[in-house]
Peer 1: 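My questions will all concern the structure given below.
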Amino acid sequence: MIRLNKIYLLFFTLVFSSISLFSQTDGYVGDAVSGEKLWVSNNCGSCHQVYKKAVGPALKGVQDRHSVEWIVKWVRNNEALRKSGDAEALAIYEEYAGAAMNLFPNLTAPNIIDILAYIESVPDPATAVAAGPAAQGPAKKDNTTVFFLLTLVVIFAIIYLLLGKVKKSLLRSVMEKEAGTEDAFAPKGIAKYLPSSWASMNPVILSLSVTTIIGLFGFSFLYWFGMNKIGVQQGYAPTQPIAYSHALHAGELKIDCKYCHSTVEVSKSASIPSLNTCMNCHKGVQASEKYGGETSPEIKKIYAALDYDPERPAGKEFGNNPKPIRWVRIHNLPDHAYFNHSQHVKVAGLECQQCHGPIEKMEVVQQWSTLQMGWCIDCHRNRGVDTDNNNYYEALHAKAKADLKENGNQSKFYGPDGNVKITPAMNGGLECAKCHY
Ligand code: HEC
Ligand code: HEC
Ligand code: HEC
Ligand code: HEC
Ligand code: HEC
Ligand code: HEC
């Protein structure tokens with residue numbers, strides 16, 4: 001902190017010493033606190049904002065555009081400055097044709113330098129927003145590696161202890177043969193609690209069986225762990241950079257999922273909508289009621305990301321500095337697995353909710369299913385496909401009808417209700433290559 005303060009001090013000293021070089025007020029360093037009071041009492045804010053264009057220009061960085069001397073003259077009496085034929089004054093006046101700034105002859109040069117210091121001290125709301133998503137970081141910590149290492153440490157510790165025991169019994173039998181003393185090898189420490197009969201066992205068999213038991217235990221645990229825990233993210237619900245709610249948009253407002261996830265019927269991926277899709281409504285809907293007439297801070301994030309400002313002149317509301325919003329990805333199969341939305345939504349006619357759960361009730365999306373291989377296979381084994389409305393299954397359907405006629409309820413196509421039942425499994429839905437690259 002101390003170092004940081006020194007850097008700021010140095011920075012401001014540099015800025016203001018360079019200001020004073022060019023100004024008539026040599027040596028005066030602006031005071032942001034008094035500047036803020038002057039800004040308020042002189043109503044600069046009724047026409048200016050620091051970062052946004054309002055009636056007058058945004059004043060951030062005004063010292064880069066003009067010398068302090070010029071700014072002092074301008075604020076005290078911009079009319080006189082214009083009449084003197086000053087090019088800068090005429091240019092800015094022309095740019096804001098139709099609006100003229102008041103005269104402030106009451107303000108002294110130090111007053112105006114205070115105001116400039118205040119302007120410099122106002123933080124940029126846009127960078128605060130941009131820092132938001134990055135600062136969130138990964139919302140869910142992945143502890144799997146730690147668990148893994150801990151398990152390994154425990155297993156090795158047990159092996160180490162038991163091998164120590166084995167080594168002792170080996171030594172003891174050797175010593176006994178050579179008529180050594182028993183006592184020196186009386187069990188100590190943890191070894192006291194191990195069955196004493198172990199000591200009389202054949203050490204080779206003992207060590208082999210101990211290693212096997214531990215090995216089997218450890219392996220099956222690691223296997224179970226690897227299969228069921230690593231990479232399984234069921235319930236994963238990270239905080240998103242904008243508090244966008246499916247419960248509101250898809251639930252209450254009943255916007256069709258496909259309005260936003262527009263590729264879900266035609267492609268592998270469902271796609272996440274661009275913010276321009278949101279702007280179809282949110283140019284107008286600013287959700288300002290809750291915020292006393294101010295645009296909702298969450299909607300402001302959309303505007304900031306698109307560099308959109310409703311107060312800019314018509315046709316110029318979108319600036320040139322859009323920054324993409326980084327939604328945190330929730331569902332994510334490993335690279336070796338292939339999943340295709342159009343196949344399931346269009347061909348199979350499945351509802352989104354069958355796999356994603358009640359999204360229309362979720363404030364924050366969470367991963368509803370395990371997305372494990374067993375989950376895919378279960379559904380492929382059990383779920384019937386709609387053969388009537390889909391000529392993709394015509395040949396299979398004909399075969400099934402014939403088989404059903406011949407074998408009755410012995411047919412593999414016999415469904416519980418006596419009708420044909422064709423599952424994706426019967427149509428190759430269990431073939432490794434269909435789901436794996
Ligand atoms: C009634 C509205 C109004 C008020 C109040 C006002 N200004 Fe201005 N200001 C303007 C307008 C409009 C311009 C653009 C030039 C023009 O059209 O005169 C401007 C221009 C400026 C500029 C030049 C900016 C540039 O980018 O070239 C500065 C500096 C400035 N104002 C500072 C102030 C300060 C400091 C205060 C408060 C003490 C203040 N203004 C109060 C309307 C206002
Ligand atoms: C107004 C636009 C909009 C509508 C309508 C909408 N979504 Fe979304 N959806 C989004 C946005 C934006 C995200 C990314 C942010 C998030 O996860 O909340 C998203 C994320 C998702 C995700 C998680 C994506 C991932 O990262 O894995 C799923 C699943 C999803 N939506 C399903 C649905 C379903 C099902 C419906 C219809 C019931 C629906 N969405 C309606 C905009 C929409
Ligand atoms: C079909 C119109 C429509 C679309 C498209 C739409 N919204 Fe909305 N949104 C609304 C309405 C209506 C509200 C409720 C406004 C209110 O409460 O006053 C709202 C509210 C919100 C809010 C809550 C604001 C608050 O602070 O309460 C957020 C955040 C939001 N939308 C984000 C988004 C995002 C992000 C997208 C694009 C993925 C999007 N919206 C797309 C109509 C829409
Ligand atoms: C058969 C199950 C299933 C159905 C039905 C389904 N999804 Fe998905 N969805 C998935 C899987 C699996 C993933 C992960 C895909 C990946 O990582 O490649 C996913 C991912 C997503 C994503 C994240 C972006 C992407 O494409 O990877 C969105 C958004 C999404 N689904 C929306 C929808 C919507 C909207 C519907 C309904 C129109 C729907 N899903 C129907 C299984 C399904
Ligand atoms: C809720 C049920 C359900 C789940 C869960 C599901 N599927 Fe399917 N899947 C179907 C149905 C129904 C079909 C038949 C539609 C078709 O033939 O294209 C199908 C077809 C397929 C096909 C095409 C098979 C063919 O006949 O060519 C592939 C590949 C596939 N699914 C992959 C997956 C993967 C990968 C997952 C898991 C991530 C998954 N599915 C999860 C229901 C499901
Ligand atoms: C219906 C689609 C589907 C079929 C058919 C399928 N797999 Fe998978 N498989 C998956 C998915 C999805 C995953 C990723 C699961 C996960 O991340 O847990 C996976 C993961 C795996 C893994 C990695 C281990 C794991 O659980 O992460 C292996 C190995 C594997 N599959 C082998 C096979 C073999 C061999 C076959 C053929 C007998 C096969 N798969 C058929 C969908 C399928």
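Residues: numbered from 1 along the sequence shown. Both ligands and their constituent atoms are indexed starting at 1 by order of listing.
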Peer 1: Can you report which non-hydrogen protein atom sits closest to atom 14 (C) of ligand 4, along with the distance?
Peer 2: His331 CB, 3.7 Å

Peer 1: Report yes if the distance between the aromatic ring centroids of His261 and His341 is under 6.0 Å, otherwise no.
Peer 2: no

Peer 1: Among all protein heavy atoms, pick out the one at the shortest distance from atom 12 (C) of ligand 3; state its residue, atom name and that distance to 0.1 Å.
Peer 2: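 Residue, atom and distance for the closest contact: Leu253 CD1, 3.6 Å.
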
Peer 1: For atom 42 (C) of ligand 4, what is the nearest protein heavy atom, given as residue, atom name and distance?
Peer 2: Phe339 CZ, 3.3 Å

Peer 1: Is it the side chain, the backbone, both or neither of Ile255 that has a heavy atom closer than 4.0 Å to ligand 2?
Peer 2: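 For Ile255, the contact with ligand 2 is made by both the backbone and the side chain.
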
Peer 1: Nearest protein heavy-atom contact for atom 15 (C) of ligand 3: which residue, which atom, what distance?
Peer 2: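 Minimum-distance protein heavy atom for atom 15 (C) of ligand 3 reads Val285 CG1, 3.6 Å.
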
Peer 1: Return yes if some donor-acceptor pair links the side-chain N/O of Ser262 with the main-chain N/O of Tyr259 below 3.5 Å, else return no.
Peer 2: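 It does not hold such a pair.
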
Peer 1: Under 4.0 Å from a heavy atom of Cys260: give me the atoms of ligand 2 that qualify, with their elements.
Peer 2: 1 (C), 2 (C), 3 (C), 4 (C), 5 (C), 42 (C), 43 (C)

Peer 1: Out of His261, Glu351, Gln353, who gets a non-hydrogen atom closest to atom 7 (N) of ligand 2?
Peer 2: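 Among His261, Glu351, Gln353, the closest heavy atom to atom 7 (N) of ligand 2 belongs to His261.
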
Peer 1: With distance as the sole test, does Gln240 use its side chain to make a donor-acceptor pair with the main-chain N or O of Val328 at under 3.5 Å?
Peer 2: yes

Peer 1: Which residue holds the protein heavy atom closest to atom 43 (C) of ligand 2, what is that atom called, and what is the gap in Å?
Peer 2: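 Protein heavy atom at minimum distance: Tyr244 OH, 3.1 Å.
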
Peer 1: Do ligand 4 and Trp375 have nitrogen or oxygen atoms that lie under 3.5 Å from each other?
Peer 2: no

Peer 1: Go through the side-chain N and O atoms of Asn106 and Asn111 and say whether any donor and acceptor fall under 3.5 Å apart.
Peer 2: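 The answer is no; no qualifying pair exists.
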
Peer 1: Identify which of Ala243, Cys281, Cys278, Ala287 has a heavy atom lying nearest to atom 18 (O) of ligand 3.
Peer 2: Ala287

Peer 1: Check ligand 3 against Tyr259 and write out every atom of the ligand that is under 4.0 Å from a heavy-atom position of the residue.
Peer 2: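 Those of ligand 3 that fall under 4.0 Å from Tyr259 are 5 (C).
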
Peer 1: Stepwise, does the salt bridge (charged side-chain N to carboxylate O under 4.0 Å, His left out) test hold for Asp307 with Arg312?
Peer 2: CA-CA 11 Å; Asp307 193 10; Arg312 286 188 201 132; 3.0 Å; yes

Peer 1: What residue and heavy atom of the protein are closest to atom 21 (C) of ligand 4, and at what distance?
Peer 2: His341 CE1, 3.3 Å

Peer 1: Lys300 vs Glu294, test: salt bridge (charged side-chain N to carboxylate O under 4.0 Å, His left out). Steps then yes/no.
Peer 2: CA-CA 10 Å; Lys300 277 189 187 154; Glu294 274 275 306; 3.0 Å; yes

Peer 1: Which atoms from ligand 4 have a heavy atom of Leu350 less than 4.0 Å away?
Peer 2: 1 (C), 5 (C)

Peer 1: Any protein heavy atom sitting closer than 4.0 Å to atom 39 (C) of ligand 3?
Peer 2: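 Given the 4.0 Å cut-off, atom 39 (C) of ligand 3 counts as touching protein heavy atoms.
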
Peer 1: Could you check atom 36 (C) of ligand 2 against the protein and tell me its nearest heavy-atom contact, residue, atom and distance included?
Peer 2: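 Sorting protein heavy atoms by distance from atom 36 (C) of ligand 2 puts Cys257 SG, 2.8 Å first.
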
Peer 1: At their closest point, which heavy atom of Ala425 faces which heavy atom of Leu430, and how far apart are they?
Peer 2: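 Looking at all heavy atoms of both residues, the closest pair is CB-CG, 3.7 Å.
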
Peer 1: Identify, by name, the N, O or S atom of His282 lying closest to atom 8 (Fe) of ligand 3.
Peer 2: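 That would be atom NE2.
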
Peer 1: Contact between Leu116 and Glu120 at the side-chain level, heavy atoms closer than 4.5 Å - yes or no?
Peer 2: no

Peer 1: Check each atom of ligand 4 against the heavy atoms of His344 and keep those under 4.0 Å away; list them by number with element.
Peer 2: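 Result: 1 (C).
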
Peer 1: Tell me whether the count of non-hydrogen atoms from other residues, nucleotides or ligands lying under 6.0 Å of NZ in Lys83 goes above 12.
Peer 2: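 No - once you tally the heavy atoms of other residues, nucleotides and ligands closer than 6.0 Å, there are 12 at most.
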
Peer 1: Around atom NZ of Lys399, are there more than 12 heavy atoms from other residues, nucleotides or ligands closer than 6.0 Å?
Peer 2: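 Counting neighbours around NZ of Lys399, 12 or fewer heavy atoms of other residues, nucleotides or ligands fall under 6.0 Å, so no.
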
Peer 1: Which atoms form the tightest heavy-atom contact between Ser121 and Ala32, and what is the distance?
Peer 2: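 Minimum heavy-atom contact is OG-CB, 3.9 Å.
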
Peer 1: Using a plain distance cutoff, I'd like to know if Glu360 has any nitrogen or oxygen under 3.5 Å from a nitrogen or oxygen of ligand 2.
Peer 2: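 In fact, backbone or side chain, Glu360 has no N or O that close.
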
Peer 1: What protein heavy atom sits nearest atom 37 (C) of ligand 4, and how far away is it?
Peer 2: Cys352 SG, 1.8 Å

Peer 1: State whether the side chain of Arg329 and the backbone N or O of His331 hold a donor-acceptor pair below 3.5 Å, judged by distance alone.
Peer 2: yes

Peer 1: Can you tell me the protein heavy atom closest to atom 22 (C) of ligand 4 and the distance?
Peer 2: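 The answer is Ala270 CB, 4.1 Å.
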
Peer 1: What is the ring orientation for His344 with His380, classed by angle as parallel under 30°, tilted 30 to 60°, or perpendicular over 60°?
Peer 2: parallel

Peer 1: Can you pull out the closest protein heavy atom to atom 1 (C) of ligand 4? Residue, atom name and distance to 0.1 Å, please.
Peer 2: Cys355 SG, 2.7 Å

Peer 1: Record the part of Asp256 in heavy-atom contact with ligand 2 below 4.0 Å; permitted values are side chain, backbone, both and neither.
Peer 2: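 Near ligand 2, Asp256 shows its backbone, while the atoms from C-beta on stay back.
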
Peer 1: Quick one about Tyr291 and Glu298 (side-chain donor to acceptor, distance below 3.5 Å, no hydrogens or angles considered), yes or no?
Peer 2: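 Side chains of Glu298 and Tyr291: no pair found under 3.5 Å.
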
Peer 1: Can any side-chain N or O of His48 pair as donor or acceptor with the backbone N or O of Pro57 at less than 3.5 Å?
Peer 2: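 Yes; at least one donor-acceptor contact below 3.5 Å.
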
Peer 1: Short check: is a protein heavy atom less than 4.0 Å from atom 33 (C) of ligand 4?
Peer 2: yes

Peer 1: Is there side-chain contact between Ser34 and Glu36, with at least one heavy-atom pair below 4.5 Å?
Peer 2: no

Peer 1: Could you pull out, from Arg329, Gln354, Glu265, the option with a heavy atom nearest to atom 27 (O) of ligand 4?
Peer 2: Arg329

Peer 1: Give yes or no for whether the N/O distance cutoff of 3.5 Å, strictly under, is met between Ile272 and ligand 4.
Peer 2: no

Peer 1: Taking 4.0 angstrom as the limit and counting only heavy atoms of His246, give me the atoms of ligand 2 inside it, by number and element.
Peer 2: 6 (C), 7 (N), 8 (Fe), 9 (N), 10 (C), 18 (O), 19 (C), 20 (C), 21 (C), 30 (C), 31 (N), 33 (C), 39 (C), 40 (N), 41 (C), 43 (C)

Peer 1: Could you identify the single nearest non-hydrogen protein atom to atom 20 (C) of ligand 3 and state the distance to 0.1 Å?
Peer 2: Leu248 CD2, 3.4 Å

Peer 1: I'd like to check which ligand 4 atoms, numbered from 1 as shown, lie under 4.0 Å from a non-hydrogen atom of Val264.
Peer 2: 34 (C), 36 (C), 38 (C)

Peer 1: Which one holds for Ile359 and ligand 2: side chain close, backbone close, both close, or neither close, with close meaning a heavy atom under 4.0 Å?
Peer 2: side chain

Peer 1: Which residue from Val365, Leu333, Leu371 reaches closest to atom 17 (O) of ligand 4 through any of its heavy atoms?
Peer 2: Leu333

Peer 1: Going by the order shown, which atoms of ligand 3 are within less than 4.0 Å of some heavy atom of Thr277?
Peer 2: 5 (C)

Peer 1: Has Glu289 got any heavy atom lying under 4.0 angstrom from an atom of ligand 3?
Peer 2: no

Peer 1: Donor-acceptor pair, Asn78 side chain versus Met101 backbone, under 3.5 Å?
Peer 2: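 Indeed, once roles are kept as given, a pair shorter than 3.5 Å links the two residues.
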
Peer 1: In terms of the angle between their ring planes, are Phe217 and Phe221 parallel, tilted or perpendicular, with boundaries placed at 30° and 60°?
Peer 2: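 Parallel: the ring planes of Phe217 and Phe221 meet at under 30°.
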
Peer 1: Give a yes or no on whether the backbone of Ser271 and the side-chain of Ser269 come within a donor-acceptor separation of less than 3.5 Å.
Peer 2: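 Yes, the answer is positive, given that a donor and an acceptor are paired below the 3.5 Å cut-off.
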
Peer 1: How close does the nearest protein non-hydrogen atom get to atom 28 (C) of ligand 3, and which residue and atom is it?
Peer 2: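 Checked against all protein heavy atoms, atom 28 (C) of ligand 3 sits closest to Ile299 CD1, 3.8 Å.
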
Peer 1: Under 4.0 Å from ligand 2, counting heavy atoms only, is it the side chain of Pro273, its backbone, both or neither?
Peer 2: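 The side chain, only.
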
Peer 1: For Tyr291, counting its heavy atoms only, list the atoms of ligand 3 lying under 4.0 Å from any of them.
Peer 2: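 In order of number, 25 (C), 26 (O), 27 (O).
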
Peer 1: Surrounding CG of Asp335 (heavy atoms of other residues, nucleotides or ligands, distance under 6.0 Å), is the total greater than 12?
Peer 2: no

Peer 1: Whether the side chain of Thr263 engages the backbone of Ala270 through a donor-acceptor N/O pair (distance < 3.5 Å, no angle test) should be reported.
Peer 2: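 Flag set: sc Thr263 to bb Ala270 pair under 3.5 Å.
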
Peer 1: What protein heavy atom lies closest to atom 26 (O) of ligand 2? Include the residue and the distance to one decimal.
Peer 2: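 That would be Ile330 N, 2.8 Å.
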
Peer 1: Using heavy atoms and a threshold below 4.0 Å, how should the contact between Gln367 and ligand 2 be classified: side chain, backbone, both, or neither?
Peer 2: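 Neither; nothing of Gln367 gets under 4.0 Å from ligand 2.
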
Peer 1: To check your reading of the model: name the closest protein heavy atom to atom 25 (C) of ligand 3, its residue, and the distance in Å.
Peer 2: Ser296 OG, 3.5 Å

